[in-house]
Amino acid sequence: MPRQKSTHVDDPVAVGTRLRLARERAGISQRALAFEGCSPGYISRIEAGERIPSLQLLRELGARLGVDADYLACGAEPEPERHPMLVDAEIALRLGDLEQARDLYTVALERAGEQADVVDALIGLGNVALAEDSADTAIRHFERALDRAGGDPAELPGLAESLGRAYAQGGELPAAIATFRRCVERYRGEGDPVKLVRFACLLGYALTDNGDFGEAERVVAEALEAGRESSDPYTRARLYWSQSRLLGEQGMADASARYAQRALDTLRLTEDTYWIAHAHQLLATVYLDAGRADEAAALLAEGRPLIEATAMPGDLAHYEIEEARALAALGRHDDAASLTMRATGRLREARPVDAGRGYVLLGQILEEIGQPERALEIYELAVEMLEQQPATRYLLDAHKHVASLLERLGDTDGALASLKRALGVQERAARPLA
C-alpha cells in the first residue's frame with residue numbers, strides 16, 4: 001500500500017480498479033499500455049492499489065485509454081455505458097434467473113451493433129450454459145467470443161477463466177491446461193502478480209486433476225512466491241486453497257487441512273458467501289480424507305445455508321456428495337445412500353466425473369450395509385460414467401473396487417480382468433496429457 005496519503009485521488013484501490021476496467025474495455029494489455037517511465041510492472045501495482053500515480057501520469061494513461069484523468073483519479077466521469085439489455089441480463093444471471101438471462105443475452109446478441117456487445121453477449125450465454133452445467137454449449141459460446149475478441153484468452157481474463165473451467169467441466173483437461181498456461185505465461189511476462197496468482201492456481205487445479213503433480217507443485221510454488229506480499233484476500237485464499245488441494249492429492253492430509261483452514265479464515269474476512277461456502281466444502285473434504293468425519297460434518301452443516309444461497313444446481317450436488325461421504329463415515333449409511341443417489345442423478349449428464357465419484361461412494365455404502373451384488377452394479381455404472389472422460393485416478397479407483405468386490409464374490413477371473421483394466425488406466429493417466 002502507498003506510504004503516504006494523497007489528495008489528488010479518492011482511494012488507491014478504487015483508482016486501480018478504474019484503471020484496470022478502462023484498460024480491459026479498451027482491449028489493451030499492461031504491456032501495450034506501458035511507456036517510458038511507466039513499466040508494465042508499475043501499471044500492475046497501480047491496478048492492485050499498491051501505488052498512487054501522479055496526476056501527470058494519470059493524464060497520460062487516460063489519454064492512451066480514451067478516458068478522463070479525473071475519472072481515473074476520483075471517478076468523476078461516468079464509465080462508458082454498456083447496452084442496457086446486457087446490464088439486465090447480467091443482473092438476471094447473478095440473481096440465478098437463468099432462463100431470463102439467456103433470453104436477454106440472446107436478444108442482445110441479435111441486436112448487437114458494436115463488437116464489444118457481441119463479445120459480451122456470447123460470454124453471457126456461455127456463463128448461463130456453464131451455470132446450467134452444459135459444458136459443451138458453454139464452450140461453443142466462449143470459443144465464438146474468443147474468436148471475435150482476437151483469439152488470445154489472456155486479453156480477457158474473465159473469458160479465459162470461464163472457458164478454461166468449461167473445458168475442465170466437459171472433461172477436456174488438455175484444453176483447460178493450455179488455456180490457463182497461456183495466461184500464466186502472459187501475466188508472468190507482464191509482471192502482473194494478481195492475475196499470475198489467479199491463473200497459476202487454476203492451472204494448478206487442472207494439472208492436479210490431470211495427475212501431473214510435479215508441474216502442479218511448480219506452478220503453485222510460483223504462485224505462492226508471486227502472491228506472498230499481496231494484500232488482496234482473494235489472492236491469498238486462492239493460494240492457500242490451491243496448496244491445500246495439491247497437498248491433499250499427495251496424501252499429506254494434516255498439511256492440507258492447515259492450508260484449507262487458512263483459506264477459510266481469509267475468506268471469512270471478506271464476507272463473500274459463495275467463496276466461503278466453497279471453502280467449507282474444501283476443508284470438509286480434507287477432513288474426510290484425514291478420517292476426521294465429525295469435524296467435516298460440522299463444517300458442512302455450517303456451510304449448507306451459504307451454498308444453498310449462492311450455488312448453482314451442479315455446485316450444490318457436488319457439495320451433497322461430500323455431505324454423503326460424511327454421513328457414511330459416521331455410520332448413517334441409509335441417509336448417505338439416499339443423498340448420494342439424489343446428487344449423482346443431478347450430476348450424471350453434465351458432470352460425469354463427479355457423478356462417477358458419487359457412484360463409487362454409493363457402491364462403498366452398499367458394500368458396508370451388506371448388498372454386494374447391488375454394489376457391483378453401481379461400481380460398474382461408475383466405470384461406465386468415468387470412461388466417458390480421459391483416464392483419471394477416479395476411474396482407476398472404480399476398477400479397483402470392482403476387482404476387490406469380484407474377488408470377495410469368488411469371481412477370480414473377473415477380478416483379474418478388472419485389475420488389468422485398472423493397470424491400463426494407470427498407464428494412460430501417467431502419460432502427460434497436455
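Looking at heavy atoms from C-beta onward, Asp152 lies in side-chain contact with Arg182 at the 4.5 angstrom threshold. Counting heavy atoms from C-beta on, the side chains of Arg421 and Glu387 come closer than 4.5 Å. The shortest distance between side-chain heavy atoms of Leu156 and Glu24 does not fall below 4.5 Å. For the pair Arg165 and Leu202, the minimum side-chain heavy-atom distance is below 4.5 Å. Residues Ser44 and Tyr187 fail the side-chain proximity criterion, which asks for heavy atoms closer than 4.5 Å. A 4.5 Å side-chain heavy-atom check between Tyr167 and Glu143 finds at least one atom pair inside the cut-off. Annotation: side chain of Gln364 is in contact with side chain of Leu361 (closest heavy-atom distance under 4.5 Å). Within the 4.5 Å cutoff, the side chain of Asp411 has heavy atoms near those of the Asp413 side chain.
Closest approach of Ala200 and Val184 over heavy atoms only: N-CG2, 3.5 Å. Minimum interatomic distance between Arg292 and Ala257 (heavy atoms only, all atoms of both residues): NH1-CB, 4.0 Å. When all heavy atoms of Ala296 and Ala284 are compared, the pair lying nearest together is CB-O, 3.6 Å. Shortest non-hydrogen contact noted between Ala263 and Ala237 is CB-O, 3.9 Å. Counting all heavy atoms, side chain and backbone alike, Leu86 lies closest to Ala108 at CD2-CB, 3.8 Å. Across all non-hydrogen atoms, the minimal contact from Leu409 to Pro372 is CD2-CB, 4.0 Å.
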### Message
Let's go through Glu367 and His401 carefully: what are the C-alpha distance in whole Å and the side-chain angles of both, what is the deciding distance for side chain to side chain donor-acceptor pair (under 3.5 Å) to 0.1 Å, and is it a yes or a no?
### Response
CA-CA 10 Å; Glu367 277 198 83; His401 279 293; 4.6 Å; no
### Query
How far apart are the C-alpha atoms of Asp289 and Arg325, what are their side-chain angles, what is the distance that settles it, and do they pass the salt bridge (Lys or Arg N to Asp or Glu O under 4.0 Å) test?
CA-CA 10 Å; Asp289 291 342; Arg325 287 183 65 203; 2.8 Å; yes
### Message
Pair Ile123, Ser162 - check side chain to side chain contact (heavy atoms under 4.5 Å, CB included), show working.
### Response
CA-CA 9 Å; Ile123 292 173; Ser162 294; 5.5 Å; no
#### Entry: Stepwise side chain to side chain contact (heavy atoms under 4.5 Å, CB included) check, Tyr105 with Glu90
CA-CA 8 Å; Tyr105 279 126; Glu90 184 172 348; 3.7 Å; yes
### Task
Check the pair Glu185, Leu203 against side chain to side chain contact (heavy atoms under 4.5 Å, CB included), reporting the backbone distance first and the verdict last.
CA-CA 11 Å; Glu185 292 169 351; Leu203 177 57; over 6 Å; no
### Task
With side chain to side chain contact (heavy atoms under 4.5 Å, CB included) as the test, would you mind laying out the steps for Arg18 and Leu21 before giving the verdict?
CA-CA 5 Å; Arg18 288 191 289 267; Leu21 291 173; 5.8 Å; no
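When each of Leu159, Leu98, Leu122, Leu93 is tested with Asn127 by the rule side chain to side chain contact (heavy atoms under 4.5 Å, CB included), just one qualifies, namely Leu93.
In this structure, Arg23 places its CZ atom where more than 12 heavy-atom neighbours from other residues, nucleotides or ligands lie under 6.0 Å away. A 6.0 Å sphere centred on CD of Gln261 holds more than 12 heavy atoms belonging to other residues, nucleotides or ligands. Open room surrounds CZ on Arg144; 12 or fewer heavy atoms of other groups in view lie less than 6.0 Å from it. The 12-atom threshold is exceeded at CZ of Arg304, counting heavy atoms of other residues, nucleotides or ligands nearer than 6.0 Å.
No donor-acceptor pair closer than 3.5 Å links the side chain of Arg342 to the backbone N or O of Ser338. Between the side chain of Ser256 and the backbone N or O of Met252, no donor-acceptor pair lies under 3.5 Å. Arg31 places a side-chain N or O within 3.5 Å of a backbone atom of Gly189 that can act as its donor or acceptor partner. Thr179 places a side-chain N or O within 3.5 Å of a backbone atom of Ala175 that can act as its donor or acceptor partner. Between the Ser404 side chain and the Lys400 main chain, no donor and acceptor come within less than 3.5 Å of each other.
Under a 4.0 Å N-O distance rule, the pair Arg374/Glu377 qualifies as a salt bridge.
Cation-pi geometry between Arg262 and Tyr259 is met: under 6.0 angstrom from the ring centre, within 45 degrees of the axis.
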